[in-house]
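For reference, the structure is listed below as structure tokens.
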Amino acid sequence: FFFQAEDGIRDFCLSRGLGDVYKRQSLDITFISSMLKNHSVLSSLTETKALSFIASMFSCKAPISSEVYRQNSDPGCFYLIESGSVEVVIDGHTREEILRGKFFGENELIYSQQRSSTIRCREDCTFWAVDKSSFLRTLADLRSLTHDENRRFISTSRYFQTMSIEQKGRLASAVTKQSFRSNHYICKEGDPALCLYLIKEGTCVMSKEGSDIGKLSQGDIFGEECYFSHTKRSISVRSSGDVTVLAIGNQSLSNILGDQVQSFGIKSIQKVAFEKSNTLSKLNSSQIDKLCNSLQVKKRAQGETIFKKGSA
């Protein structure tokens with residue numbers, strides 16, 4: 001059984017649409033409104049915009065063991081679990097469980113990617129869903145509201161200094177502002193790398209294999225794996241207190257930077273490494289730029305010797 005709502009198919013006889021029976025669904029509206037306030041992106045909707053978004057939602061059901069959508073398929077909807085629970089399956093392995101009152105399916109819509117996971121029902125489920133076009137219209141409204149503010153912040157970021165004014169403007173139009181409460185995992189080790197993050201406010205903790213390895217603060221970036229195709233997160237990052245980030249999808253980065261996206265990404269990674277080095281961090285920005293430009297990228301096979309003891 002494959003879930004038809006993902007393809008935009010809606011059974012008007014069996015599904016409840018808030019837009020159809022708006023005044024009769026006060027309990028549903030209350031439930032969805034309270035959940036939206038916890039969403040990293042949609043929590044910034046005004047009350048009027050939130051009600052308009054809710055009115056575009058429709059209810060749909062899926063039985064136990066059915067797939068809401070499959071990994072590598074084209075995204076069709078954004079979902080809120082009204083009842084039941086689902087599991088997230090990546091490359092055949094179950095990664096986590098999503099429970100009632102939680103959302104899923106938005107990342108691929110935001111970052112214009114194919115589905116990065118399969119979602120399978122652990123029990124009979126009921127969802128509130130929004131189709132792709134309605135979700136993207138709402139996202140475009142939110143981006144336009146924060147464009148000027150985001151552009152000013154991007155202009156001050158040391159990581160985007162080499163971008164042209166036009167590129168920075170396009171970047172500001174493409175970023176998505178996201179807010180997270182304390183101790184929320186923004187990205188997890190092993191997950192597909194769909195986007196790059198720039199911390200606008202707050203601090204984050206990096207961890208690998210369950211152990212904390214460092215902190216990030218305002219102005220730092222993470223998620224650089226997205227500069228390279230088909231990569232996975234090498235670390236987990238969680239919020240330490242309330243955090244606001246600007247997220248930019250790898251497809252948008254490619255559109256803005258063209259065939260220079262990987263070289264730009266490599267230089268960003270190099271700068272981060274220099275800043276965290278006790279020795280190289282003493283260099284000024286001009287010296288770091290010159291050093292970055294002189295470095296060459298070389299690939300090495302697993303287990304290959306980089307250099308031998310005693311060699312020059």
Side-chain angles (χ1 to χ4, degrees), residues 1-11 14-18 25 27-43 53-54 56-136 138-139 178 180-181 183-195 232-233 236 238 247:
F1 179 85
F2 188 68
F3 193 50
Q4 291 184 321
E6 179 68 0
D7 298 320
I9 300 172
R10 175 178 168 188
D11 188 331
L14 299 178
S15 66
R16 294 174 293 152
L18 288 173
Q25 304 291 341
L27 290 177
D28 294 323
I29 294 172
T30 300
F31 168 70
I32 298 171
S33 295
S34 64
M35 295 302 103
L36 285 177
K37 292 176 182 177
N38 297 321
H39 191 269
S40 63
V41 177
L42 300 174
S43 59
F53 182 80
I54 292 171
S56 69
M57 303 183 85
F58 60 94
S59 179
C60 41
K61 296 182 178 180
I64 185 173
S65 300
S66 64
E67 294 177 347
V68 180
Y69 53 74
R70 298 187 183 120
Q71 187 172 358
N72 298 321
S73 64
D74 292 331
C77 293
F78 163 65
Y79 302 90
L80 167 63
I81 302 177
E82 181 181 25
S83 65
S85 62
V86 301
E87 58 185 3
V88 181
V89 182
I90 300 177
D91 298 331
H93 301 286
T94 300
R95 294 298 303 271
E96 63 178 310
E97 182 180 5
I98 306 177
L99 305 176
R100 179 182 185 272
K102 300 296 183 182
F103 299 93
F104 64 89
E106 67 269 44
N107 285 337
E108 295 88 351
L109 295 175
I110 294 172
Y111 306 124
S112 302
Q113 300 283 336
Q114 289 184 316
R115 292 299 191 188
S116 59
S117 63
T118 294
I119 299 294
R120 184 181 298 127
C121 295
R122 294 173 59 91
E123 51 192 310
D124 292 345
C125 293
T126 302
F127 308 107
W128 285 106
V130 175
D131 65 84
K132 179 179 179 178
S133 60
S134 297
F135 181 85
L136 292 181
T138 300
L139 182 64
Q178 299 187 22
F180 300 94
R181 294 182 178 177
N183 207 37
H184 180 95
Y185 276 92
I186 300 172
C187 63
K188 294 182 178 180
E189 184 178 354
D191 283 353
L194 301 180
C195 64
K232 294 185 178 181
R233 299 295 188 194
S236 297
R238 69 180 186 275

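The aromatic rings of Phe127 and Tyr79 sit perpendicular to each other, their planes meeting at more than 60°, with 30° as the lower class boundary.
In this structure, Ser236 contributes its side chain and Glu189 its backbone to a donor-acceptor pair below 3.5 Å. Under a 3.5 Å cut-off, the side chain of Ser56 and the backbone N or O of Phe53 do form a donor-acceptor pair.
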Do any side-chain atoms of residues 98-108 form donor-acceptor pairs under 3.5 angstrom with protein atoms, and if so which ones, sequence neighbours left out?
residue	atom	partner	partner atom	Å
Arg100	NE	Glu82	O	2.7
Glu106	OE2	His39	NE2	2.8
Glu108	OE1	Arg115	NH1	3.1
Glu108	OE2	Ser116	N	3.0
Glu108	OE2	Ser116	OG	2.9

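Separating the OG atom in Ser59 from the CG atom in Leu80 is a distance of 10.0 Å, to the nearest 0.5 Å.
The environment of CZ in Arg181 is sparse: at most 12 heavy-atom neighbours from other residues, nucleotides or ligands sit within 6.0 Å.
Results of the side-chain contact (heavy atoms from CB on, under 4.5 Å) test with Cys121 over Ser65, Pro63, Ser66 single out Ser66 as the only residue that passes.
Nearest approach of Cys125 to Ser85, heavy atoms of both residues: SG-O, 3.3 Å. Across Ser40 and Phe180, no two heavy atoms sit closer than the pair CB-CE2, 3.6 Å. The minimum heavy-atom distance linking Val130 with Phe135 is given by the pair CG1-N, 3.7 Å. Shortest non-hydrogen contact noted between Tyr111 and Ala247 is OH-CB, 3.3 Å. Nearest approach of Leu109 to Leu136, heavy atoms of both residues: O-CD2, 3.5 Å.
In terms of the salt bridge (charged side-chain N to carboxylate O under 4.0 Å, His left out) criterion, residue partners of Asp91 (sequence neighbours excluded) are, by chain and number, Lys232. Remark: Glu123 engages no residue in a salt bridge (charged side-chain N to carboxylate O under 4.0 Å, His left out) (not counting sequence neighbours).
You'll find the side chain of Thr138 stays beyond 4.5 Å of the side chain of Phe78, heavy atoms only. You'll find the side chain of Val86 stays beyond 4.5 Å of the side chain of Arg120, heavy atoms only. Here the side chains of Val88 and Ile119 are in contact, with some heavy-atom distance below 4.5 Å.
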Show, in sequence, the C-alpha distance, side-chain angles and deciding distance for Trp128 and Ile54, and conclude whether the side chain to side chain contact (heavy atoms under 4.5 Å, CB included) test is met. CA-CA 9 Å; Trp128 285 106; Ile54 292 171; over 6 Å; no
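Residues Glu67 and Thr118 have side chains that never bring a donor and an acceptor to within less than 3.5 angstrom of each other.
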